[in-house]
Visitor: 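Quick one: the structure is below, questions incoming.
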Protein chains: 2
Amino acid sequence: MSIKYAILGFLDWTPLTGYDLKKQFAASETFHWSGNNNQIYTALVQLYNEGLVSKEVQDQESGPSRKVYSITTEGREALRQWLLTPPELPQLRHPFLAQLAWAAQLTAVELDTLLSQYENEVYVKLRMAQEQAQRDTRQSPRRTPREELLWGQIGNYWVAFYQHELDWVRRLRAEVTE
Amino acid sequence: MSIKYAILGFLDWTPLTGYDLKKQFAASETFHWSGNNNQIYTALVQLYNEGLVSKEVQDQESGPSRKVYSITTEGREALRQWLLTPPELPQLRHPFLAQLAWAAQLTAVELDTLLSQYENEVYVKLRMAQEQAQRDTRQSPRRTPREELLWGQIGNYWVAFYQHELDWVRRLRAEVTE
DNA sequence: CTCCCCATGTAACACGTTACATGATTTG
DNA sequence: CAAATCATGTAACGTGTTACATGGGGAG
């Protein structure tokens, strides 16, 4: 469960509640746990039991009490250890390729419709990634130039990925049409 | 469970056993169900119950009896319907980006080591994808030029993906070093 | 009045990976 | 003699998604 380390990373930045973390995860594809209640709250409990985070309960007049989590010294050490572990390769799941694999039996029009739909969806995603990257760089209050560079290149990564995808499908569409 | 449609696709090509399918899946990243026993055999049972495939049991003198599955007319129809469904966007899971997000706290040497490890792993993957693509085109006994084109572009896709990844990490490494 | 935000959590389900279990035949 | 290949399947576990449940406060 690498979500634990992602959480430790955010908490190393500043103390946060489960709800805050949920928003952080939802905001970036890099932390792909799509704003997932289930995993975040259970991971926080586990991290707490392992002593990697501490919590401060703030009772509120209305609603459930906020639980603000902070990283502990042990947590910082665990995070650092994880940072040094060998990198994992990306996992790309691409059901559309499987669809295309058998799509030769479609008519020319049907196939082009499929490709054009895909092209549009990718285009929308690309725009979203671009806006996200801009938002990130504009307000980026990163701690060091190194961190700034890394976050910049990460945002960049997603833009480039969808751009690459778009180029690919456009080329394919052209080839299929002729 | 889109694995069912992937199976139907292969069976539309030629009758196969579960074991054959397992090898097919293992051979290509496009069908990302990593040669997964569990899902293949249960999916076949389900497809059979739904009447989308038929099976011929061949008793053997030794070992378990082979079950050769063929696609039925209903199966062909289901496959065609699936081919026309709106395309799904790719899902890219990239834990290394999450690692990088917090890697600014590492020393320059540690960070470069990490990036160089990653570069090597991606390079290996790229080479594997290239070989796979070559093998595919060389022996490709595809049914139509359209199918040939599509399979070619799919193999191509994986090569381009890892190439893109390699370029990205090399650029990043250069930027971090200076 | 409805919808969204805050804030916590649980439950059910779907999907994926690894390992286990059996056992003959072939290859190194 | 060990190992990989053929060929079937099951079990356990881990991860990920969606929906449910509760309930106050504010905005449109």
Side-chain angles (χ1 to χ4, degrees), chain A residues 1-7 10-11 15-50 53 55-69 88-95 98, chain B residues 1-7 10-11 15-50 53 55-69 88-95 98:
Chain A
M1 239 226 270
S2 146
I3 192 180
K4 286 189 188 175
Y5 296 105
I7 289 174
F10 280 113
L11 296 184
L16 293 168
T17 67
Y19 189 74
D20 295 330
L21 284 163
K22 182 179 143 174
K23 282 187 293 180
Q24 293 286 348
F25 284 123
S28 164
E29 298 211 39
T30 304
F31 306 99
H32 65 264
W33 303 268
S34 63
N36 183 333
N37 271 4
N38 199 335
Q39 275 167 290
I40 291 169
Y41 286 109
T42 58
L44 280 169
V45 169
Q46 285 174 40
L47 286 169
Y48 182 74
N49 291 336
E50 293 166 22
V53 302
K55 80 176 151 189
E56 189 203 349
V57 181
Q58 296 178 349
D59 281 329
Q60 293 178 124
E61 294 135 34
S62 73
S65 52
R66 300 177 78 234
K67 296 179 182 171
V68 183
Y69 291 90
E88 282 174 62
L89 284 169
Q91 258 194 302
L92 179 54
R93 207 153 284 171
H94 209 323
Chain B
M1 241 227 272
S2 145
I3 192 180
K4 287 190 189 174
Y5 296 104
I7 289 175
F10 280 113
L11 294 185
L16 294 168
T17 67
Y19 189 74
D20 294 330
L21 284 163
K22 182 178 144 175
K23 282 187 292 181
Q24 293 286 347
F25 284 126
S28 164
E29 298 211 38
T30 304
F31 306 98
H32 65 264
W33 303 268
S34 62
N36 184 333
N37 271 4
N38 199 336
Q39 274 168 287
I40 291 170
Y41 285 109
T42 58
L44 280 170
V45 170
Q46 285 175 41
L47 286 168
Y48 182 74
N49 290 337
E50 292 164 24
V53 301
K55 78 177 154 191
E56 188 202 348
V57 182
Q58 298 179 346
D59 281 328
Q60 294 177 124
E61 293 136 36
S62 75
S65 52
R66 300 176 79 232
K67 296 180 182 170
V68 183
Y69 292 90
E88 281 174 64
L89 284 168
Q91 258 195 305
L92 179 55
R93 207 153 283 172
H94 209 322

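When reading the values below, keep in mind they use all heavy atoms of this one structure, side chains included, and skip hydrogens, waters and symmetry mates. Order of the sequence lines sets the chain letters (A, B, ...), proteins ahead of strands, with each chain counted from 1.
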Visitor: May I ask you to evaluate whether B:Tyr19 reaches the phosphate of D:dT8, defined as a side-chain N or O under 4.0 Å from OP1 or OP2?
Guide: no
Visitor: Between atom OH of A:Tyr69 and atom CG of A:Asp20, what is the distance when rounded to the nearest 0.5 Å?
Guide: 12.0 Å
Visitor: For the atom pair CG (B:Asp59) and CZ (B:Arg66), what is the distance rounded to the nearest 0.5 Å?
Guide: 12.0 Å
Visitor: Distances for protein N/O vs nucleotides 9-14 of chain C N/O pairs under 3.5 angstrom?
Guide:
unit_1, atom_1, unit_2, atom_2, d
C:dG9, OP1, A:Lys67, NZ, 2.4
C:dG9, N7, A:Asn37, ND2, 3.4
C:dG9, O6, A:Asn37, ND2, 2.7
C:dA11, N6, A:Asn38, ND2, 2.5
C:dA12, N6, A:Asn38, ND2, 3.1

Visitor: Can you check the B:Asp59 CG to D:dT8 P distance for me, whole Å?
Guide: 12 Å
Visitor: Mind checking what makes side chain to side chain donor-acceptor pair (under 3.5 Å) contact with B:Glu50, not counting sequence neighbours?
Guide: B:Lys4
Visitor: Under 4.0 Å between a side-chain N/O of B:Lys23 and OP1 or OP2 of D:dT5, yes or no?
Guide: no
Visitor: Given atom CG of A:Leu16 and atom P of C:dC6, what is their separation to the nearest angstrom?
Guide: 13 Å
Visitor: Using side chain to side chain donor-acceptor pair (under 3.5 Å) as the criterion, list what pairs up with A:Gln24, not counting sequence neighbours.
Guide: none
Visitor: Under 4.0 angstrom, heavy atoms only, what part of the nucleic acid is A:Gln58 near: base, sugar-phosphate, or nothing?
Guide: nothing
Visitor: Without decimals, in angstroms, what is the distance between B:Lys4 NZ and C:dG16 C1'?
Guide: 16 Å
Visitor: Let me know the distance between NZ of B:Lys55 and P of D:dA7, rounded to the nearest Å.
Guide: 16 Å
Visitor: Toward the 5' end of DNA chain C, which comes first, B:Ser2 or A:Val68, by nearest nucleotide?
Guide: A:Val68
Visitor: Let me know the distance between CZ of B:Arg66 and C1' of C:dA24, rounded to the nearest Å.
Guide: 15 Å
Visitor: Is A:Trp33 near enough to D:dT15 that one of its side-chain N or O atoms lies under 4.0 angstrom from OP1 or OP2?
Guide: no
Visitor: Looking only at heavy atoms, which two atoms of A:Ala98 and B:Thr30 are closest? And how far apart?
Guide: N-CG2, 3.6 Å
Visitor: Ignoring hydrogens, what is the shortest heavy-atom contact between A:Leu11 and A:Leu16? Give both atom names and the distance.
Guide: CD2-N, 3.6 Å
Visitor: I need the B:Asn36 CG to B:Thr42 OG1 distance, nearest 0.5 Å.
Guide: 8.0 Å
Visitor: For B:Thr17 and D:dC6, is the shortest distance between a side-chain N/O and OP1 or OP2 below 4.0 Å?
Guide: no
Visitor: Hey, is the side chain of B:Arg93 poking within less than 4.0 Å of OP1 or OP2 on D:dG16, counting only N and O atoms?
Guide: yes
Visitor: Rounded to the Å, how far apart are A:Glu88 CD and C:dG16 C1'?
Guide: 15 Å
Visitor: Could you tell me how far apart B:His32 (NE2) and D:dT15 (P) are, to the nearest whole angstrom?
Guide: 17 Å
Visitor: Starting at atom CG of A:Leu21, determine the distance to atom C1' of C:dC6, rounded to an integer number of angstrom.
Guide: 15 Å
